[in-house]
Amino acid sequence: MRKGLRKLSSALNVGMDKVMPDAIVFAFVLTFIAFIGGLLLTDSSVVDMLGYWGSGFWGFLAFSMQMLMIIATGHILASAPLANKFLVKLCAIPKNGIQGVVFIAISSAILGWISWGLGLVAGAIIARTVAVNLRKVDFKLYVAVAYSGAISAGLFGISGSEFLLVNTPGYFMEDILGLIPLSQTVFEPSLLLAQVIGLLIVVPILAAMIHTDPAETPELDAEMLKRFEEASGEEDLSREEVKARKASMTVAERIDNSPVTTTIIAIGGIAWLVFYFANNGFNLTLDVMNFMLLMVGILLHGTPRNLLTAAEEGVKSAFGVAIQFPFYAGIQGMLGSSGMVELIANAFASISTPATFHYLNYLVMAIINFFIPSSGGIFMVAGPALGQAALDLGIDGNKFLISFTAGETISNIIQPFWAIPLLGIAGLKMKDIMGYCIIFFIVLTLIFFGTWAIMW
């Protein structure tokens, strides 16, 4: 069985590497499909569709900046000498490539459940650090399990946007679904069981079986290894060299290399975080997480010059966010404004029965998610039609929401959009990990379907 899994995963990975274009081309193709679909399926004209595309194109600007900051602040924190030493020590727990992939799968899923953004950043950094420690690893598999664990657990966890939204008084579907507490979503027994079985047991075991035997595993690519070591490395200077460098500095250079300003700013930032959590509980939003990572990174780097050097390297990995996210926002504009999403949702709802609804709900969300990879965006345009259909069939609102969220969440594993930040840190492309991701997507889908069939 192990040989068969390795052959299948290797064939898929090689096959996807040959046929899958770059992620930006994938976004272009989805744009073409959405445009043509709007013309064929709705009353929208060419001018209408162009208008929807252009109007929506910059709809993700704030979110794009948040994701760019996730990459930059994650790199800033991980490259700080003290944090880097801690990571190296933590990631020394696995002693070979197989142990490494299990360690990454479990840790990324746990971190993702706490906060999907933290899981994406930390998962990539942990995968990179374990790979540098061990040297002989299947790094593409490492990144695939880090992504699968973080993004799958993330939107089911305590930072899941839809689960938080339906527990907020006054949200746009309260008249249909009412308020749904986290006890019926995040902590719903069947959802927790599916995650434990899928993300903490099956995927790690599957990844361990796919990974080559330690004796047969090739060394990490030399160029990649050098880049990772440089990104997280610390310049070693003798005391005499430090003194000589300081003596030759101008006044401006002394200020740039002084820890005074950074320490004051970091202390102020940490004080605000204490105040925030004291008043809001553990409400770890993207903005708060980025703020926390940045302030801790500022404190650990010590000087403005070290901070800017780390930030420069971090931002280099974020170019994918800057160029691709606007195209997905344009796609969302076309699908939402033309009425296509509601049309598709109504079509699936019309053929559903109480026995098939959850599975069809999952599948339609998986399809729409390729075009609108935004939890809030999908829920706003498709939620009302499918939510009302669920209630008409006598299905509980929380179970509708879980199958709805599961479809868009687990399909993220094979959607390049959410992988962009993680791949930027890891230095890979989606086609490098897609073969592995397809296997994890299929397995997790079957586990969720099986759990619903037994428990619902």
(Q) Closer than 3.5 angstrom, by distance alone: can the side chain of S411 be matched with the main-chain N or O of E408 as a donor-acceptor pair? (A) yes
Q: Answer whether the closest heavy-atom distance between the side chains of W272 and F291 falls below 4.5 Å.
A: yes
Q: Take atom CE of M224 as the centre, draw a 6.0 Å sphere, and report whether it contains more than 12 heavy atoms from other residues, nucleotides or ligands.
A: yes
Q: Work out which heavy atom in T405 is nearest to a heavy atom in L155; give both atom names and the distance.
A: CG2-O, 3.9 Å
Q) Which atoms form the tightest heavy-atom contact between P304 and T261, and what is the distance? A) CG-OG1, 3.6 Å
Q. Can F449 and Y362 be said to form a ring-ring contact (aromatic ring centres under 6.0 Å, His included), step by step?
A. CA-CA 9 Å; F449 280 13; Y362 178 102; 4.9 Å; yes
Q. Closest heavy-atom contact between I433 and K140?
A. CG2-O, 3.4 Å
Q.
Assess, by modelled atom type and distance only, whether the side chains of S148 and Y436 contain a donor and an acceptor separated by less than 3.5 Å.
A. no
Q: Dump the intermediate steps for side chain to side chain contact (heavy atoms under 4.5 Å, CB included) on V364 and L386, then the final yes or no.
A: CA-CA 10 Å; V364 71; L386 288 170; 4.0 Å; yes
Q) Under the 3.5 angstrom rule, does the side chain of S152 hit a backbone N or O of G149 as a donor-acceptor pair? A) no
(Q) Applying side chain to side chain contact (heavy atoms under 4.5 Å, CB included) to Y328 and F60, what does each step give before you reach the verdict? (A) CA-CA 8 Å; Y328 282 103; F60 285 173; 4.0 Å; yes
Q. Under a 4.5 Å cut-off applied to non-hydrogen side-chain atoms, are Y142 and H211 in contact?
A. yes
Q) How far does CE of M69 sit from CG of N290, to the nearest 0.5 angstrom? A) 5.5 Å
Q. Can you name the residues that form a side-chain contact (heavy atoms from CB on, under 4.5 Å) with L111, not counting sequence neighbours?
A. L118, A122, I126
Q.
So, using side-chain contact (heavy atoms from CB on, under 4.5 Å) as the criterion, who are the partners of F370 when residues are at least two apart?
A. F26, I414, Q415
Q | T262 OG1 to N257 CG distance, which is reported to the nearest 0.5 Å | A | 10.0 Å
Q | Partners meeting salt bridge (charged side-chain N to carboxylate O under 4.0 Å, His left out) with K429 (sequence neighbours left out) | A | D22
Q. Under 6.0 Å from the CG atom of L50, do we count more than 12 heavy atoms belonging to anything else shown?
A. yes
Q) Are L225 and V132 close enough that some pair of their side-chain heavy atoms sits under 4.5 Å apart? A) yes
Q: For R305, enumerate each residue passing the salt bridge (charged side-chain N to carboxylate O under 4.0 Å, His left out) test, keeping only those at least two apart in sequence or located in another chain.
A: none
Q: Look up atom CD1 in I420 and atom CD1 in I425, then write down how far apart they are to the nearest 0.5 Å.
A: 12.5 Å
Q: Please identify each residue that fulfils ring-ring contact (aromatic ring centres under 6.0 Å, His included) with F325, with sequence neighbours left out.
A: F63, F417
Q.
Nearest 0.5 Å, please: how far is CD1 in I205 from CG in L200?
A. 11.0 Å
(Q) How close do T303 and P259 get, counting heavy atoms only, and between which atoms? (A) CG2-N, 4.1 Å
Q.
Just so I know, are the side chains of T31 and M334 near enough to count as touching, which here means a heavy-atom distance under 4.5 Å?
A. yes
Q. Taking the six-membered ring for Trp, is the centroid-to-centroid distance between F139 and F228 below 6.0 Å?
A. yes
Q.
If I take atom CE from residue M173 and atom CG from residue L165, how far apart are they, to the nearest 0.5 angstrom?
A. 9.5 Å
Q: Kindly indicate whether the side chain of I265, heavy atoms from C-beta on, has any atom under 4.5 Å from the side chain of M295.
A: yes
Q. Heavy-atom distance under 4.5 Å between the side chains of P421 and V121, does that happen here?
A. no
Q: Measure the acute angle between the ring planes of F156 and F448, then classify it against the limits of 30° and 60° as parallel, tilted or perpendicular.
A: parallel
Q: With sequence neighbours left out, write down each residue that passes ring-ring contact (aromatic ring centres under 6.0 Å, His included) with F327, or none if nothing qualifies.
A: F28, F57
Q) With sequence neighbours left out, which residue pairs that include part of residues 82-111 fulfil the ring-ring contact (aromatic ring centres under 6.0 Å, His included) condition? A) none
Q | Residue pairs fulfilling side-chain hydrogen bond (donor to acceptor under 3.5 Å, both in side chains) with at least one residue in residues 185-200, sequence neighbours excluded | A | E188-S190, S190-W456
**Q.** ring-ring contact (aromatic ring centres under 6.0 Å, His included) between F172 and F379, intermediate numbers included
**A.** CA-CA 10 Å; F172 74 99; F379 193 46; 5.5 Å; yes
Q: Quick one: list whatever passes ring-ring contact (aromatic ring centres under 6.0 Å, His included) with W58, sequence neighbours left out.
A: none
Q. side-chain contact (heavy atoms from CB on, under 4.5 Å) with V102: which residues, sequence neighbours excluded?
A. I106, P204, A208
Q) So do the side chains of Y147 and N412 get within less than 4.5 Å of each other, counting heavy atoms only? A) yes
**Q.** Any T445 side-chain heavy atom under 4.5 Å of I410 side chain
**A.** yes
Q) Any donor-acceptor pair under 3.5 Å linking the side chain of Q99 with the backbone of K95? A) yes
(Q) Quick check: closest heavy atoms across F440 and A207, and the distance to 0.1 Å? (A) CZ-CB, 4.3 Å
Q: Return the minimal non-hydrogen interatomic distance between A92 and N133, and the atom names on each side.
A: N-ND2, 3.6 Å
Q.
For a side chain to side chain contact (heavy atoms under 4.5 Å, CB included) check, start with the C-alpha distance between L191 and V186, then their side-chain angles and the critical distance, and finish with the verdict.
A. CA-CA 7 Å; L191 178 58; V186 176; 5.8 Å; no
Q | Residue list, ring-ring contact (aromatic ring centres under 6.0 Å, His included) with F400, at least two apart or on another chain | A | F404
(Q) Pair I76, H301 - check side chain to side chain contact (heavy atoms under 4.5 Å, CB included), show working. (A) CA-CA 8 Å; I76 287 169; H301 274 286; 3.6 Å; yes
Q: Report the distance from atom CD1 of I438 to atom CD1 of I413, rounding to the nearest 0.5 Å.
A: 11.5 Å
Q | Pairs where residues 61-71 contributes a residue and the test side-chain hydrogen bond (donor to acceptor under 3.5 Å, both in side chains) is met, not counting sequence neighbours | A | Q66-D287
Q) Is there a donor-acceptor pair closer than 3.5 Å between any side-chain N or O of T451 and the backbone N or O of I447? A) yes
